[in-house]
Visitor: 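This is the structure, below, for whatever I ask next.
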Amino acid sequence: MRLSVSEDLKIFLTFFATYSLFIHWVGWNEQSRLLTAISIVDGNTFDINNYANFTGDRLLVNSTYYSDKAPGISFFLSFIYLISKNLFGETFGRSEYILVPEPQFNTTTYFVESNLEKSVLVTMILGVIFFSSLVGALSVVIFKKILILFFSRRTSIILSIIFGFSTLIFPYSTVLMGNSFSTLLLLLSFYFLKKDSKYNYILSGILLGLAILLDYISLIISPILIIFYLWSIANAKEKVKLFFSFLFGMFPLLIYSFLIFDNPLGFAFYSNFIDPSISPCSYGRKYFEFCPEPIQFS
């Protein structure tokens with residue numbers, strides 16, 4: 001057992017260090033999640049109305065702007081921003097940003113970072129390290145532990161290394177996206193399902209639900225896994241545990257979706273609310289007959 005722990009630790013540290021060396025924290029995708037976190041801390045709201053022009057990854061719902069990303073990473077990121085804000089005594093301010101033209105869209109302007117506040121910079125860097133690099137490295141370890149259930153130790157190590165270096169887990173573990181975190185939860189759901197514990201079905205179901213909170217792509221994967229798990233479980237009582245645990249894991253997302261879309265399942269149709277000014281119509285309205293007029297920003 002001591003050898004196994006040491007081996008897992010080596011794998012974790014190798015991939016954590018590797019992923020952390022290649023982190024990237026600047027871009028519309030990152031800012032979209034960051035701005036939600038800032039709005040939660042500074043404005044006690046989920047909308048990003050005060051920062052709409054800081055990112056093109058946004059939704060327009062009832063004349064209100066929101067991030068178009070799954071909210072899970074932003075929820076976690078808000079804790080880091082709160083600590084950084086109090087540590088450095090700084091809040092997010094527009095004065096530190098430069099207004100530049102963006103010709104590829106029909107919007108008039110967008111913002112580019114210049115001289116970021118320490119609180120924001122630290123939040124973005126630590127966010128990538130904790131919620132992408134660290135969880136990505138943990139995913140490799142859990143993947144190896146799952147493989148050991150079916151293959152030899154040597155084969156499991158080789159396949160887990162290939163998984164860590166040669167799949168999309170590598171690039172997604174270097175940027176502030178929910179893919180790595182949701183992948184970890186999906187892997188853990190399978191791992192716990194195979195554990196001999198009276199709580200295994202409850203943990204597995206909750207993790208599958210939370211995966212959707214972190215990444216909307218899991219909206220496709222989690223139901224497929226739930227169906228597979230339910231089919232593989234013989235005990236009807238355990239099936240009920242798993243299913244309702246899944247719904248419990250989704251509960252935070254259902255509440256968030258209701259507050260934004262007035263529909264607990266509105267997040268599943270979020271593409272209907274993409275800001276028309278940054279839609280494909282923006283690349284040439286004459287080619288899209290039904291494109292709405294682009295929105296101009298001050």
Side-chain angles (χ1 to χ4, degrees), residues 59 68-76 131-132 135-136 138-151 155-156 159-160 162-164 166-173 177-273:
L59 300 177
D68 66 351
K69 311 301 180 185
I73 294 296
S74 296
F75 293 164
F76 289 118
F131 307 134
S132 292
V135 299
L138 286 175
S139 295
V140 179
V141 174
I142 298 301
F143 186 69
K144 176 231 167 188
K145 296 175 88 63
I146 291 174
L147 289 175
I148 286 180
L149 300 175
F150 307 97
F151 303 101
T155 301
S156 299
L159 290 177
S160 63
I162 293 174
F163 169 74
S166 303
T167 69
L168 289 176
I169 195 68
F170 193 148
Y172 282 135
S173 295
M177 300 179 70
N179 304 72
S180 289
F181 212 147
S182 64
T183 298
L184 174 63
L185 298 190
L186 294 173
L187 290 172
L188 281 172
S189 74
F190 186 85
Y191 177 72
F192 283 124
L193 195 70
K194 295 297 182 180
K195 298 288 286 185
D196 185 17
S197 168
K198 62 180 179 179
Y199 300 112
N200 57 345
Y201 296 110
I202 295 176
L203 287 172
S204 181
I206 291 175
L207 290 170
L208 285 177
L210 288 176
I212 304 175
L213 179 71
L214 291 159
D215 184 14
Y216 287 144
I217 295 177
S218 297
L219 183 62
I220 300 173
I221 302 173
S222 287
I224 293 176
L225 289 178
I226 277 289
I227 294 172
F228 172 73
Y229 292 168
L230 292 174
W231 174 77
S232 63
I233 298 172
N235 190 307
K237 184 178 179 180
E238 304 298 351
K239 290 184 178 182
V240 172
K241 280 184 183 180
L242 179 65
F243 181 74
F244 281 98
S245 297
F246 171 66
L247 295 180
F248 180 78
M250 282 191 63
F251 190 71
L253 178 59
L254 299 178
I255 295 298
Y256 173 82
S257 181
F258 179 78
L259 293 174
I260 291 180
F261 303 105
D262 296 323
N263 180 353
L265 297 178
F267 67 91
F269 310 99
Y270 79 97
S271 61
N272 296 337
F273 301 95

Visitor: Salt bridge (Lys or Arg N to Asp or Glu O under 4.0 Å): which pairs involve residues 232-246, sequence neighbours left out?
Guide: Glu238-Lys241
Visitor: Atom CG in Leu138, atom CZ in Phe143: separation rounded to 0.5 Å?
Guide: 15.0 Å
Visitor: So, Ser132 versus Ser173: side-chain donor-acceptor pair below 3.5 Å or not?
Guide: no
Visitor: Ignoring hydrogens and geometry, is there a side-chain-to-backbone donor-acceptor pair from Ser189 to Leu208 under 3.5 Å?
Guide: no
Visitor: Please check if the side chain of Ser222 supplies one atom and the backbone of Gly209 the other of a donor-acceptor pair under 3.5 Å.
Guide: no
Visitor: For the pair Leu187 and Ile146, evaluate side chain to side chain contact (heavy atoms under 4.5 Å, CB included) and give the outcome as yes or no after the intermediate values.
Guide: CA-CA 8 Å; Leu187 290 172; Ile146 291 174; 4.1 Å; yes
Visitor: Can you spot which of Ile73, Leu214, Leu184 makes a side chain to side chain contact (heavy atoms under 4.5 Å, CB included) with Phe131?
Guide: Ile73
Visitor: With distance as the sole test, does Ser232 use its side chain to make a donor-acceptor pair with the main-chain N or O of Phe228 at under 3.5 Å?
Guide: yes
Visitor: Asn179 versus Leu168: any side-chain heavy-atom pair under 4.5 Å?
Guide: no
Visitor: With rounding to the nearest 0.5 Å, note down the distance linking OH in Tyr201 to OG in Ser245.
Guide: 12.0 Å
Visitor: Indicate the atoms forming the closest heavy-atom contact of Val140 with Gly164, along with that distance.
Guide: CG2-CA, 3.7 Å
Visitor: Minimum heavy-atom separation for Gly266 to Phe261, with atom names?
Guide: C-CD1, 3.7 Å
Visitor: Excluding sequence neighbours, so at least two apart, what forms side chain to side chain donor-acceptor pair (under 3.5 Å) with Ser160?
Guide: none
Visitor: Evaluate Phe192 against Tyr199 for ring pair (Phe, Tyr, Trp, His ring centres under 6.0 Å), listing each step before the verdict.
Guide: CA-CA 9 Å; Phe192 283 124; Tyr199 300 112; over 10 Å; no
Visitor: Rounded to the nearest 0.5 Å, what's the gap from OH on Tyr191 to CD1 on Ile148? Could you check?
Guide: 9.0 Å
Visitor: Is a side-chain N or O of Thr167 found less than 3.5 angstrom from the main chain of Phe163, in a donor-acceptor match?
Guide: yes
Visitor: Which class fits the ring pair Phe190 and Phe150: parallel under 30°, tilted 30 to 60°, perpendicular over 60°?
Guide: tilted
Visitor: Would you confirm whether Ser139, through its side chain, and Thr183, through its main-chain N or O, come within 3.5 Å as a donor-acceptor pair?
Guide: no
Visitor: How far does CG of Leu188 sit from CD1 of Ile142, to the nearest 0.5 angstrom?
Guide: 5.0 Å
Visitor: Which heavy atom of Leu253 sits nearest a heavy atom of Pro71, and at what distance?
Guide: CD1-CD, 3.9 Å
Visitor: Does any part of the side chain of Ile226, heavy atoms only, come nearer than 4.5 Å to the side chain of Leu242, both counted from C-beta?
Guide: yes
Visitor: Measure across Ser218 and Pro223 and return the closest heavy-atom pair with its distance rounded to 0.1 Å.
Guide: O-CD, 3.6 Å
Visitor: Would you say Leu230 and Ile227 make side-chain contact, with heavy atoms under 4.5 Å?
Guide: no
